[in-house]
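So that the names make sense, note that chain A is the first sequence line, chain B the second, and so on, each numbered from 1.
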Protein chains: 2
Amino acid sequence: MPHSSLNRLIRKLETGLVLSDEERNAILQLPVTTRDLKADQDIVRYGDRPSQCCLLVEGFLCRYKTLPDGVQTIMAFYVAGDIPDVHSLHLGLMDHTLSTVAPSRVAFIAHDAMRRLTHQHPRLADAFWRDTLIDAAVFREWIVNLGSRDAYSRIAHLLCEIFLKLKAVGLTNGNTFALPITQSKLADATGLSSVHVNRSLMQLRADGLITLDKGRCTIPEFERLE
Amino acid sequence: MPHSSLNRLIRKLETGLVLSDEERNAILQLPVTTRDLKADQDIVRYGDRPSQCCLLVEGFLCRYKTLPDGVQTIMAFYVAGDIPDVHSLHLGLMDHTLSTVAPSRVAFIAHDAMRRLTHQHPRLADAFWRDTLIDAAVFREWIVNLGSRDAYSRIAHLLCEIFLKLKAVGLTNGNTFALPITQSKLADATGLSSVHVNRSLMQLRADGLITLDKGRCTIPEFERLE
DNA sequence: CGACGCTTTGACCCGTTTCAACAATGGTGG
DNA sequence: CCACCATTGTTGAAACGGGTCAAAGCGTCG
């Protein structure tokens with residue numbers, strides 16, 4: 001049922017401000033359509049002009065660009081509750097691709113409905129705006145990661161980020177969380193080769209900072225991982 | 001006079017949509033205070049809770065973070081007409097520092113005034129929102145730059161970006177533009193050592209792609225620089 | 001059971017960093 | 001107007017992190 005997806009969205013927006021009943025209802029009345037997708041499926045592609053926003057209900061998404069030589073760079077990961085392309089509301093043309101990393105359920109909200117909502121409820125506009133600004137803050141963090149850290153801490157940092165994101169929406173189990181991301185995708189996200197990602201991960205394990213077991217990752221002592 | 005700075009802002013917003021007279025007047029009536037700064041002066045620092053937005057009237061700004069070990073990473077450059085910290089409107093705490101790269105003139109607009117403006121004029125809110133989204137798109141481009149390109153094309157790409165930004169606001173002179181950025185700052189922005197930036201720049205010159213002369217840069221054939 | 005995709009390993013190579021010195025530049029005060 | 005000093009730019013040699021290529025384990029799922 002669509003309501004559960006919108007509730008997740010509301011919960012997310014309410015981390016920034018308190019919503020009135022009216023505002024909450026306005027969100028719940030948004031018309032959404034839901035779709036289930038397998039892993040590695042593009043949702044919106046480079047060059048598209050989307051007419052709807054997408055809301056991740058369950059699973060894992062990423063945002064990537066492909067260079068002329070075929071190299072892919074992942075610029076962000078998203079988890080349940082994230083609404084990764086509000087920005088298509090104001091920037092018509094996609095300059096990159098949004099795709100699933102793992103099997104996922106996504107909900108779509110038409111741009112028209114979103115625009116009506118944000119114009120009738122300026123505070124909701126602010127809340128969505130804020131969300132895109134947090135996204136931008138994470139991009140900045142990635143710039144720092146790629147620009148100034150070595151392989152080892154780049155990966156450590158990325159794992160921390162994913163852990164915190166999942167924890168914020170209650171998808172962690174103690175210090176353990178699902179990590180359905182292949183090493184070669186981690187490589188695309190950290191600007192390293194998959195071979196070196198593998199070696200760094202093994203080093204992190206040898207140092208006792210993480211445990212990996214069939215797509216699940218455990219971080220015994222979060223602080224030590226910076 | 002403050003009006004010239006606000007006019008620059010209006011021109012920038014109008015690249016995205018057409019403003020009504022009413023909207024334009026609302027902007028022109030924003031109370032601003034202007035300040036002149038030397039090079040390398042922080043405007044808002046990491047940890048600050050700014051109560052105003054800053055608008056760059058003239059000069060060059062950058063956004064950077066400092067890591068515990070003292071390494072600085074530059075995440076963005078800004079030129080006249082840019083309004084680099086609208087995001088402080090919705091994200092109270094600064095997670096990085098905004099600073100001058102060259103002598104600059106900046107104008108400040110109180111958050112209160114901005115908030116009133118955007119709530120009374122939803123389309124202006126959209127326009128500012130759009131601006132922050134473009135900022136985010138540039139961050140993504142930097143992620144690609146750092147993650148997937150070698151030193152030579154990283155620098156080429158950065159020079160292209162600055163050239164296009166300056167050209168958009170009419171601050172280029174043919175293929176020539178002011179580049180008041182030291183090589184060591186270019187290094188901080190590209191994730192390279194200043195020595196290697198120097199070598200790559202010399203290579204670009206040797207290949208005839210750029211000419212450097214006392215803080216001015218010329219790009220004879222833009223296409224060849226990707 | 002076999003095939004396919006992901007992880008792990010080893011050997012070798014290359015782009016980039018580091019350190020250190022030196023040259024050019026520009027701004028300042030006398 | 002010149003002498004001085006502090007930045008910035010330029011250069012060389014040596015060391016290292018991470019890339020590439022290729023092959024071998026391992027799981028998993030039809």
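- Remark: P of dT17(C) and CG of D188(B) are 12 Å apart, rounded to the nearest angstrom.
- Between R63(A) and D135(A), the closest side-chain pair of non-hydrogen atoms falls below 4.5 Å.
- A sub-4.0 Å separation between OP1 or OP2 of dT7(D) and a side-chain N or O of Q183(B) is absent.
- Residues E141(A) and F139(B) fail the side-chain proximity criterion, which asks for heavy atoms closer than 4.5 Å.
- The separation between Q203(A) atom CD and dT7(C) atom P is 18 Å, rounded to whole Å.
- Summarising the geometry, atom SG belonging to C53(A) is positioned 4.0 Å from atom CG belonging to L89(A); distances are rounded to the nearest 0.5 Å.
- A 6.0 Å sphere centred on CZ of R216(A) holds more than 12 heavy atoms belonging to other residues, nucleotides or ligands.
- In this structure, the CG atom of L212(B) is 15 Å from the C1' atom of dA24(C), given to the nearest Å.
- Contact of the V144(B) side chain with the H96(A) side chain is not registered, since no non-hydrogen atoms from C-beta on lie closer than 4.5 Å.
- For dT7(C), the OP1/OP2 oxygens have no side-chain nitrogen or oxygen of R205(A) closer than 4.0 Å.
- Here the P atom of nucleotide dG5(C) and the CG atom of D40(A) are 11 Å apart, to the nearest Å.
- Of the options T211(A), T218(A), D213(A), a side chain to side chain donor-acceptor pair (under 3.5 Å) to T176(A) is made by T218(A) and by none of the others.
- Atom CG in L201(B) sits roughly 12 Å away from atom P in dT11(D) (whole-Å rounding).
- Side-chain contact between R105(A) and L37(A) is absent, with no heavy atoms from C-beta onward closer than 4.5 Å.
- Residues E58(B) and S104(B) are not in side-chain contact: their nearest non-hydrogen atoms beyond the backbone lie 4.5 Å or more apart.
- With dG9(D), dT28(D), dG26(C) as the choices, the nucleotide that has an atom nearest any side-chain atom of K214(B) turns out to be dG26(C).
- Taking the six-membered ring for Trp and the full ring otherwise, the centers of H111(A) and H90(A) sit at least 6.0 Å from each other.
- A stem is defined here as three or more consecutive Watson-Crick or G-U pairs, each with both distances under 3.5 Å; for DNA chain C these stems are C:1-30 with D:1-30.
- In this structure, L204(A) atom CG and dT7(C) atom C1' are separated by 16 Å, rounded to whole Å.
- For L146(A) and dT16(C), the CG to P distance is 15 Å, given to the nearest whole Å.
- Residue N198(A) has a polar side-chain atom (N or O) positioned under 4.0 Å from OP1 or OP2 of dT8(C).
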Do nucleotides 12-22 of chain D as a string where each nucleotide becomes B, S or -: B if the base has a protein heavy atom under 4.0 Å, S if just the sugar-phosphate does, - if no protein is that close. BB----BSBB-

